[in-house]
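Shown next, in structure tokens, is the structure this report addresses.
Each residue takes its place number in the sequence, starting with 1.
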Amino acid sequence: MGRRNITHASDFILMGLTDSEEIQLVLFTLFLLIYLITVLLNAGMMLIIHLDLQLHTPMYFFLSHLSFLDLSYSTVITPKTLQNLLTSTKYISYLNCFTQMNCFIFLGATECFLLSSMAYDRYVAICNPLRYPVVMSTRRCCSLVFGSYLIGFMDSFVNVLCMSRLDFCDSNIIHHFFCETPPILALSCTDTQDIEITISTFAGSTLVVSLITISVSYVSILSTILKITSTSGKRKAFSTCASHLLGVTIFYSTLIFTYLKPSKYYSLRKDQVASVFYTIVIPMLNPLLYSLRNKEVKKALIRVTQKGKSSKHKIRLKLNF
């Protein structure tokens with residue numbers, strides 16, 4: 001048998017979602033609109049939380065970091081996707097490809113544990129309201145956020161170590177719209193079994209541990225809510241965690257569909273659709289879920305707007321004098 005041409009690829013080709021120029025133009029317009037809304041909503045959410053003192057609470061501290069992660073998540077993937085939809089040359093350098101992939105893993109793993117921290121916060125608020133200020137102290141909140149970023153970094157670092165051992169043969173075509181681990185592993189002529197086991201173990205552990213934490217928190221929350229006698233009390237308790245529960249359900253359902261299904265059910269088209277959802281759509285949905293259903297955020301927006309108008313009015317008065 002002839003020897004395969006083993007190389008260290010200088011670049012890859014991202015095949016994208018479709019070859020049709022008409023569909024590419026439609027997707028470009030749609031993705032650009034979604035990305036602009038994502039940037040506006042997430043940056044706006046962080047700004048409102050920073051400016052309004054009444055939102056300086058543990059729940060909104062976590063929410064500001066969720067907005068930062070969603071904004072970063074979308075920015076890592078969407079701009080390159082938009083560029084490829086407009087150009088015939090869909091090259092991405094080896095360095096940029098692996099940077100994109102590892103940033104994606106870092107942000108995704110961090111978000112899993114940040115959502116777990118938010119579930120724990122809701123658990124303490126509903127199940128132990130009297131001890132909430134003590135349990136969810138500033139130090140505890142910072143520790144939970146730092147731990148989330150640390151776990152994300154560890155997952156990404158393991159991926160870097162594993163993927164750096166790969167060699168690539170002949171083909172450099174990635175059948176996806178961004179650099180994700182499975183399509184890149186498929187290009188390697190190195191035996192990837194041990195690498196796949198290692199990556200799957202760390203990624204699976206991140207997903208399962210965070211999901212168990214969220215599930216246990218919400219089982220306890222549901223048990224507490226059912227013990228509340230008044231209807232208004234139940235409604236108020238449920239409203240405090242409804243947005244988070246919906247966001248968690250959407251986020252984890254797409255991840256489970258993509259990564260935890262048996263290989264015999266693998267479908268490139270279905271996986272691409274799911275990938276579009278959790279890389280481009282969900283970062284836009286999260287701020288909508290947490291702002292449209294949240295009276296405190298709406299009131300904070302009004303306060304910040306009025307404060308801004310008041311400041312402008314004072315400046316004009318000073319200039320007139």
Val145 and Tyr149, any side-chain heavy atoms less than 4.5 Å apart: yes
Output for pair (Asn159 CG, Ile184 CD1), nearest 0.5 Å, gives 8.5 Å
Scanning both residues in full, the closest heavy-atom pair of Leu289 with Ser243 reads O-OG, 3.1 Å
Report yes if some heavy atom in the side chain of Ile48 is under 4.5 Å from a heavy atom in the side chain of Leu55; otherwise report no. yes
Can you run down the salt bridge (charged side-chain N to carboxylate O under 4.0 Å, His left out) pairs that involve residues 97-120, sequence neighbours left out, and say none if there aren't any? none
Please assess Asp121 against His244 for the test side chain to side chain contact (heavy atoms under 4.5 Å, CB included), listing each intermediate value before the final yes or no. CA-CA 11 Å; Asp121 171 68; His244 179 255; over 6 Å; no
Between Thr81 and Tyr35, do the side chains contain a donor N or O and an acceptor N or O under 3.5 Å apart? no
Any chance CZ of Phe28 has more than 12 other-residue heavy atoms, nucleotides or ligands included, within less than 6.0 Å? yes
Are Ile37 and Leu40 connected into the same hydrophobic cluster when the rule is that any two of I, L, V, M, F, W, Y join if their side-chain heavy atoms are below 4.5 Å apart? no
Evaluate the side-chain proximity of Phe153 to Val158: yes if any heavy-atom separation is below 4.5 Å, no if none is. no
Return the minimal non-hydrogen interatomic distance between Gln24 and Thr18, and the atom names on each side. NE2-O, 2.8 Å
To the nearest 0.5 Å, what is the distance between OG1 (Thr29) and CZ (Phe31)? 10.5 Å
Is it true that the side chains of Tyr60 and His50 contain a donor and an acceptor less than 3.5 Å apart? no
Apply ring pair (Phe, Tyr, Trp, His ring centres under 6.0 Å) to residues His176 and Phe12 and explain how you reach the verdict. CA-CA 11 Å; His176 213 333; Phe12 295 103; over 10 Å; no
Cut-off 3.5 Å, side chains only: do Ser200 and Glu196 have a donor facing an acceptor? no
Are Phe277 and Val26 linked, directly or through intermediate hydrophobic residues, by side-chain heavy-atom contacts shorter than 4.5 Å (ILVMFWY only)? no
Can you see which heavy atom on Ser74 is nearest to which on Pro283, and at what distance? CB-CB, 4.0 Å
Path from Leu33 to Leu41 over hydrophobic side-chain contacts below 4.5 Å: yes
Pair Tyr278 + Phe251: ring centers closer than 6.0 Å: no
For the atom pair CG (Leu207) and CZ (Phe113), what is the distance rounded to the nearest 0.5 Å? 9.5 Å
Between the CZ atom in Phe62 and the CD1 atom in Ile49, the distance rounded to the nearest 0.5 Å is 12.0 Å
Please check if Leu14 and Tyr91 belong to a single hydrophobic cluster, counting links between Ile, Leu, Val, Met, Phe, Trp and Tyr side chain heavy atoms closer than 4.5 Å. no
Donor on one side chain, acceptor on other, Asp11 and Ser93, under 3.5 Å: no
Proximity of His65 and Phe61 rings by center, below 6.0 Å: yes
When you look at Tyr94 and Phe98, which way does the ring pair (Phe, Tyr, Trp, His ring centres under 6.0 Å) test go after all the steps? CA-CA 6 Å; Tyr94 177 91; Phe98 277 79; 4.5 Å; yes
In Å and rounded to the nearest 0.5 Å, what is the SG to CD distance from Cys179 to Gln100? 5.0 Å
Looking at Asp70, Val39, Leu36, Thr38, which hits side-chain contact (heavy atoms from CB on, under 4.5 Å) with Met284? Thr38
Single-linkage hydrophobic cluster, 4.5 Å side-chain cutoff, Ile34 and Leu66 together: yes
Residue pair Asn42 / Ser67: nearest heavy atoms and the distance that separates them: OD1-CA, 3.3 Å
Smallest heavy-atom separation, Pro58 atom then Cys141 atom, equals CB-SG, 3.5 Å
Locate the shortest heavy-atom distance separating Cys97 from Ile174; write the atom from each residue and the value. SG-CD1, 4.0 Å
Are the ring centres of Tyr73 and Phe104 closer than 6.0 Å? yes
Atom CG in Asn286, atom CG in Leu71: separation rounded to 0.5 Å? 12.0 Å
If you count heavy atoms of other groups shown closer than 6.0 angstrom to OH of Tyr218, is the number above 12? yes
Determine which pairs satisfy salt bridge (charged side-chain N to carboxylate O under 4.0 Å, His left out) with at least one residue from residues 38-52, sequence neighbours left out, and list them in order. Asp52-Arg303
Assess whether atom OH of Tyr132 is packed by more than 12 heavy atoms of other residues, nucleotides or ligands within 6.0 Å. yes
